[in-house]
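Here is the structure we will look at, set down as structure tokens.
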Amino acid sequence: MTPDADIALEGLPPGPRAPVAMQTLAMLTRERPFLERARRRYGRVFSVHVAGFGHAVVVADPELIKQTFRADPRTLHAGTESPLRATLGPNSLLGIDEEQHMRQRKLLLPPFKGQRMKQYEPIIEEITNAELDTWPVGAEFETAGSFHAITLRAILRAIFGAEGARLETLEPLVRHWTALGTRLTVARWLQRDLGPRSPWGRFLRLRAEIDEMLDALIAEAKADPNLEQRPDILALMVQARFDDGEPMSNPEIRDQLVTMFAAGHETTAHTLSWAIERLRRHPEVLERLVAEVDEGGHALRDATIREVQRVRPVIAFAGRTSHRPFELGSYRLPIGTRILLAACLTHFDPQLFPHPDRFDPDRFLDKLPDTYSWIPFGGGVRRCLGATFAHMELDVVLRVILQRFTLVPTDAPGEGWNYLGVAWSAADGGRACLRVRERVGFEEAPAEADEPPLFAAAG
Ligand code: HEM
């Protein structure tokens with residue numbers, strides 16, 4: 001080893017030298033092929049230059065991903081520069097860093113612990129059954145709309161604790177607010193309140209209406225004599241205390257609730273559409289899943305969910321920004337460097353996942369995915385707060401579908417990828433074609449008490 005081998009190179013790793021406009025276009029229209037080519041040429045860490053984003057370092061190496069996820073939160077930020085801060089509010093977990101982030105996250109983690117998730121299964125099952133009652137039989141249709149409806153209701157009921165008239169009023173409000181917010185998050189130049197008819201003006205007024213409803217829900221929870229028995233996350237947030245004994249303020253609770261909604265609704269819905277899209281093209285997996293559900297099992301379903309998330313990650317990157325110089329492998333990255341931890345590349349690395357384009361749930365059947373090469377939920381102290389909730393929800397929805405319907409396989413080419421501002425969805429909305437199952441004996445399915453412990457904890 002030469003004396004210089006330990007000295008980190010100052011600056012960014014090399015990367016494609018095409019003009020910014022071309023790199024930007026490639027990222028928007030051919031993201032994966034563009035990044036794959038860069039990886040072949042420069043290795044598992046390289047720089048790209050994208051308009052409106054500047055220089056960014058793309059990381060697709062599990063060791064370097066580990067180093068980044070484990071970095072000191074004072075060195076790498078994920079929140080304060082995020083465009084989501086403006087749309088989700090100043091307390092949003094996605095828009096804060098360092099002590100403020102850890103303080104909020106510490107309070108929000110316990111409600112999302114794995115053991116608690118079982119309580120939400122009946123709610124998700126009820127919501128799914130009601131939506132599936134509307135599904136057409138024998139004709140192709142897009143599942144995306146239905147999955148959005150399911151995941152939206154799931155969050156409003158299980159997380160916000162909204163029921164009855166409150167649920168009916170909140171639902172269209174948050175639907176409208178998220179649709180507008182998704183577009184406005186990236187269009188920063190539109191973030192000016194020019195009155196109630198301007199996009200940002202409308203967005204702010206919708207948020208004020210939502211906040212009013214949330215304040216009412218918080219007040220009701222505080223006055224509820226049965227608060228301690230309530231399973232919803234809002235009820236737990238109301239009871240939680242910071243280390244100094246202080247409760248969360250209403251603005252904090254509101255910002256965290258809308259953050260959970262924004263982060264957890266479309267991501268889960270898109271993953272479900274991708275699951276339908278993949279399964280219809282893999283009848284052998286489908287057949288085994290149906291046999292398993294009839295026997296009351298779920299190991300293959302767990303593995304299938306993880307494989308769908310590997311092969312169709314809806315969030316391409318987890319992002320960090322350096323606030324101090326950061327040593328990443330053999331580079332010393334300057335302050336202000338954007339770092340993109342690339343699920344969209346790492347998940348397709350043939351050395352990590354042999355035949356990466358093959359949809360093969362068996363790769364996760366007897367083992368959990370590796371923390372630093374399977375990263376659909378990001379990682380470290382910023383790992384998705386709702387990962388266990390999402391896995392539970394994906395599991396329940398798929399189980400109910402498999403129990404009620406036969407998904408008709410197709411030999412149509414796979415659906416393309418469609419970028420919708422934050423997440424990647426199936427371009428045709430995850431088209432399904434169904435037959436009603438003849439035998440629906442799932443009420444008698446054996447209890448899941450003797451599940452293998454390996455699969456007990458999701459996410
Ligand atoms: C399949 C569904 C989901 C996917 C793919 C997903 C993905 C992600 C990713 C990639 C991150 C960033 C992690 C990082 O920077 O390291 C994240 C953060 C987050 N997610 Fe999810 N998510 C999903 C569902 C949910 C759900 C259901 C909820 C809430 C109920 C949720 C709440 C959050 C929150 C609050 C954060 C911020 C965590 C922090 O900064 O400390 N997500 N998610």
Side-chain angles (χ1 to χ4, degrees), residues 59 65-66 68-71 73 76-82 84-85 88-89 91-98 100-109 111-113 116-117 120 124 147-148 150-160 232-234 236-237 255-275 305-306 308-310 312-321 338-344 346-347 371-372 374-398 422-425 458-459:
V59 185
I65 289 173
K66 181 176 177 179
T68 312
F69 279 154
R70 290 183 161 195
L76 295 187
H77 282 188
T80 12
E81 284 84 13
S82 165
L84 291 166
R85 189 179 162 86
L88 298 177
N91 304 291
S92 164
L93 210 56
L94 283 164
I96 52 180
D97 284 301
E98 300 192 20
Q100 193 192 0
H101 172 257
M102 287 319 286
R103 185 173 139 88
Q104 295 282 327
R105 187 171 165 104
K106 202 172 154 194
L107 222 65
L108 295 169
L109 268 176
F112 285 98
K113 284 261 180 289
R116 295 193 51 83
M117 292 303 122
Y120 302 121
I124 309 289
F147 288 145
H148 273 80
I150 291 174
T151 58
L152 185 138
R153 285 217 145 197
I155 294 191
L156 291 182
R157 289 186 61 190
I159 295 186
F160 287 37
D232 55 274
I233 305 266
L234 178 136
L236 296 163
M237 286 163 89
D255 282 0
Q256 303 311 1
L257 286 174
V258 297
T259 298
M260 287 170 201
F261 181 82
H265 148 234
E266 291 194 11
T267 43
T268 314
H270 292 328
T271 306
L272 282 166
S273 291
W274 277 125
I305 291 168
R306 292 181 177 121
V308 169
Q309 292 195 275
R310 181 193 69 81
R312 294 294 181 271
V314 297
I315 305 287
F317 306 102
R320 303 288 184 269
T321 306
R338 280 284 288 161
I339 304 171
L340 301 175
L341 302 143
C344 63
T346 314
H347 290 189
T371 315
Y372 301 109
W374 183 86
I375 52 167
F377 292 117
V381 293
R382 307 305 295 231
R383 186 171 192 268
C384 174
L385 191 79
T388 326
F389 186 93
H391 186 95
M392 174 274 300
E393 188 174 1
L394 293 165
D395 179 60
V396 173
V397 177
L398 287 178
V422 180
W424 287 88
S425 66

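Computed from a predicted structure; not experimentally measured. All ligand and atom numbering here is 1-based and tracks the order in the structure.
At least one heavy atom of Phe112 sits under 4.0 Å from some atom of ligand 1. Residue contacts with ligand 1 include His101, since one of its heavy atoms falls under 4.0 Å from the ligand.
Contacts between Ile159 and ligand 1, counted as non-hydrogen atom pairs separated by less than 4.0 Å, involve the side chain only. Of all the heavy atoms of Val314, the ones lying under 4.0 Å from any atom of ligand 1 belong exclusively to the side chain. When non-hydrogen atoms are compared, ligand 1 lies under 4.0 Å from neither the backbone nor the side chain of Gln256.
Counting only heavy atoms from C-beta outward, the side chains of Leu385 and Thr259 never approach each other to under 4.5 Å. At a threshold of 4.5 Å between non-hydrogen side-chain atoms, the residues Arg105 and Arg383 count as touching. Within the 4.5 Å cutoff, the side chain of Leu107 has no heavy atoms near those of the Met237 side chain. Considering only heavy atoms from C-beta on, Ile155 comes within 4.5 Å of Phe160 through its side chain.
Under the 3.5 Å distance criterion, with hydrogens and angles disregarded, no donor-acceptor pair is assigned to the side chains of Arg312 and His270.
Once rounded to the nearest 0.5 Å, the distance linking CD1 of Ile159 with CG of Leu236 reads 10.5 Å. In this structure, CE on Met260 lies 9.5 Å from CG on Leu234, to the nearest 0.5 angstrom. For the atom pair CD1 of Ile124 and CG of Leu394, the computed distance is 10.0 Å after rounding to the nearest 0.5 Å. Atoms NE2 and OG1, from His265 and Thr267 in turn, are 9.0 Å apart once rounded to the nearest 0.5 Å. In this structure, CD in Gln309 is found 8.0 Å from NE2 in His391, a value given to the nearest 0.5 Å. Here the SG atom belonging to Cys344 is positioned 8.5 Å from the CD1 atom belonging to Ile375, to the nearest 0.5 angstrom.
For Asp97 (side chain) and Ala78 (main-chain N/O), a donor-acceptor pair under 3.5 Å exists by modelled atom type. Side chain of Arg320 to main chain of Ile339: no donor-acceptor pair is present (N/O by atom type, distance under 3.5 Å, no hydrogens or angles).
Nearest to atom 24 (C) of ligand 1 among the protein's heavy atoms is Thr267 OG1, 3.6 Å. What sits closest to atom 6 (C) of ligand 1 on the protein, heavy atoms only, is Phe377 CD2, 3.7 Å. Given atom 33 (C) of ligand 1, the protein heavy atom at minimum distance is Ala263 CB, 3.6 Å. From the protein, the heavy atom lying nearest to atom 16 (O) of ligand 1 is Arg320 NH2, 2.8 Å. Considering only non-hydrogen protein atoms, atom 10 (C) of ligand 1 sits nearest to Pro376 O, 3.4 Å. Here the heavy atom of the protein found nearest to atom 35 (C) of ligand 1 is Leu385 CB, 3.7 Å. The single protein non-hydrogen atom nearest to atom 19 (C) of ligand 1 is Cys384 CA, 3.7 Å, given as residue, atom name and distance.
Residue Ala390 has at least one heavy-atom neighbour below 4.0 Å for each of these atoms of ligand 1: 2 (C), 24 (C). Using a 4.0 Å cut-off to heavy atoms of Gly378, the atoms of ligand 1 that qualify are 10 (C), 13 (C), 14 (C), 16 (O). Which parts of ligand 1 touch Gln309 is read off a 4.0 Å heavy-atom cut-off, strictly below it: atoms 1 (C). Interface atoms of ligand 1 facing Ala318, defined by a heavy-atom separation under 4.0 Å, are 14 (C), 15 (O), 16 (O). Atoms of ligand 1 lying under 4.0 Å from any heavy atom of Leu94, numbered from 1 in the order shown and given with element: 37 (C). If you number the atoms of ligand 1 from 1 as listed, the ones under 4.0 Å from a heavy atom of Arg105 come out as 38 (C), 39 (C), 41 (O). Listed by number with element, the atoms of ligand 1 under 4.0 angstrom from any heavy atom of Thr271 are 1 (C). Here is the list of ligand 1 atoms found below 4.0 Å of a heavy atom in Gly379: 16 (O).
Ranked by closest heavy atom to atom 13 (C) of ligand 1, the top entry among His265, His270, Arg382, Met102 is Arg382. Of the listed options Ala316, Ser82, Ala262, Gly264, Gly264 places a heavy atom closest to atom 27 (C) of ligand 1.
Close N/O approach between Thr259 and ligand 1 is not found [any backbone or side-chain N/O within under 3.5 Å].
Ring geometry, Tyr372 versus Phe69: the interplanar angle falls from 30° to 60°, so the pair is classed tilted.
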